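Please read all numbers here as calculations on a predicted model, not as lab measurements. The figures that follow rest on heavy atoms only: side chains count, while hydrogens, waters and symmetry mates do not.
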Amino acid sequence: MLQKQKKRVVSIENLKEYLKEFTSSYQAALDKANKPIQKKIDSQIKITGLSAEIVPGDEFGFSKHLVITGQMKLSGNKVINKIDGIIKARENNGKVHDIFFNNIEIEPDSDGTGSEEFGIGRELNPFIESDKKWEEINLSALQLTCHVSKITYSDGSTLELKTSLD
């Protein structure tokens, strides 16, 4: 009687390269799938005039907040209530910082369009290195760009970028 031998992997020589190529290919496919969705999001909301500043968070000056302000123009045929996304802050030296935001509440005109100013703030913790760095950056020299990744409409429906290929 013949006995089957089990095969097993003993080593993988190019695992790092494989994973790098797989990740790159996967991201490219995800970007391609998201391109028409991002185009639709961008047609419904435009964010311009972004600026950043650090403001006191309390009357004693111990806590501070990073505040991003800008203008948004809404268009489309549905009333938008909330947006999620990321603000990229690029320094003159090319270094990029990501500022994530979610559930920015919007009070659009009754037809769901119009322009309004908005502000996004988050508390800075001086004991966390990634928060502390904001006080050392020349905020007025930053180039700020906003990428909206999700729109929530007043009827509860959403328009959002894919996070995986399903």
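- Linking ILVMFWY side-chain heavy atoms closer than 4.5 Å, directly or via other members, places Val96 and Ile86 in two distinct hydrophobic clusters.
- No side-chain donor-acceptor contact under 3.5 Å links Thr152 and Thr158.
- Linking Ile, Leu, Val, Met, Phe, Trp and Tyr residues whenever their side-chain heavy atoms come within less than 4.5 Å leaves Ile128 and Leu66 in two separate clusters.
- For residues 149-164, every residue pair satisfying the salt bridge (Lys or Arg N to Asp or Glu O under 4.0 Å) rule, not counting sequence neighbours, is listed here: Lys78-Asp155.
- Counting heavy atoms from C-beta on, the side chains of Asp84 and Val148 never come closer than 4.5 Å.
- Counting heavy atoms from C-beta on, the side chains of Leu161 and Gln38 come closer than 4.5 Å.
- Residues meeting the salt bridge (charged side-chain N to carboxylate O under 4.0 Å, His left out) test with Asp98, sequence neighbours left out: Lys88.
- Across Ile47 and Cys146, no two heavy atoms sit closer than the pair CD1-SG, 3.5 Å.
- Across all non-hydrogen atoms, the minimal contact from Leu144 to Ala52 is CD1-N, 3.8 Å.
- The minimum heavy-atom distance between Ala33 and Leu165, with the atom names listed, is CB-CD2, 4.2 Å.
- Side-chain N/O atoms of Gln44 and Tyr153 include a donor and acceptor closer than 3.5 Å.
- Under the 4.5 angstrom side-chain criterion for Ile, Leu, Val, Met, Phe, Trp and Tyr, the cluster partners of Val67 are Val55.
- Heavy-atom neighbours of Gln27 CD from other residues, nucleotides or ligands within 6.0 Å: above the threshold of 12.
- Within the model, atoms NE2 of His147 and CD1 of Ile41 stand 12.0 Å from one another, a figure rounded to the nearest 0.5 Å.
- Side chain of Ser24 to backbone of Lys20: no donor-acceptor contact under 3.5 angstrom is found.
- The line from CG of Leu30 to OG of Ser164 is 7.5 Å long, rounded to the nearest 0.5 Å.
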Identify each donor-acceptor pair in which a side-chain atom of residues 134-142 lies under 3.5 Å from a protein atom, sequence neighbours left out, and give them as a table.
from: Glu135; atom 1: OE1; to: Lys64; atom 2: NZ; distance (Å): 3.1
from: Asn138; atom 1: OD1; to: Ser140; atom 2: N; distance (Å): 3.3
from: Asn138; atom 1: OD1; to: Ser140; atom 2: OG; distance (Å): 2.8

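- In this structure, Ser43 and Ser75 approach most closely via the heavy-atom pair O-OG, 2.9 Å.
- Qualifying salt bridge (charged side-chain N to carboxylate O under 4.0 Å, His left out) partners for Arg122, counting only residues two or more places apart in sequence or in other chains: Asp131.
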- request: Evaluate the side-chain contact (heavy atoms from CB on, under 4.5 Å) criterion for residues Thr145 and Leu50: first the C-alpha distance (whole Å), next the side-chain angles of each, then the deciding distance (0.1 Å), finally the verdict.
  value: CA-CA 7 Å; Thr145 55; Leu50 293 172; 5.6 Å; no
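- Remark: the His97 side chain and the Glu91 side chain contain an N/O donor-acceptor pair separated by less than 3.5 Å.
- Within 6.0 Å of atom OH in Tyr26, more than 12 heavy atoms from other residues, nucleotides or ligands are found, so the atom counts as buried in its surroundings.
- Open room surrounds CD on Glu117; 12 or fewer heavy atoms of other groups in view lie less than 6.0 Å from it.
- Within the structure, salt bridge (Lys or Arg N to Asp or Glu O under 4.0 Å) pairs that include any residue of residues 25-43 do not occur (at least two apart or interchain).
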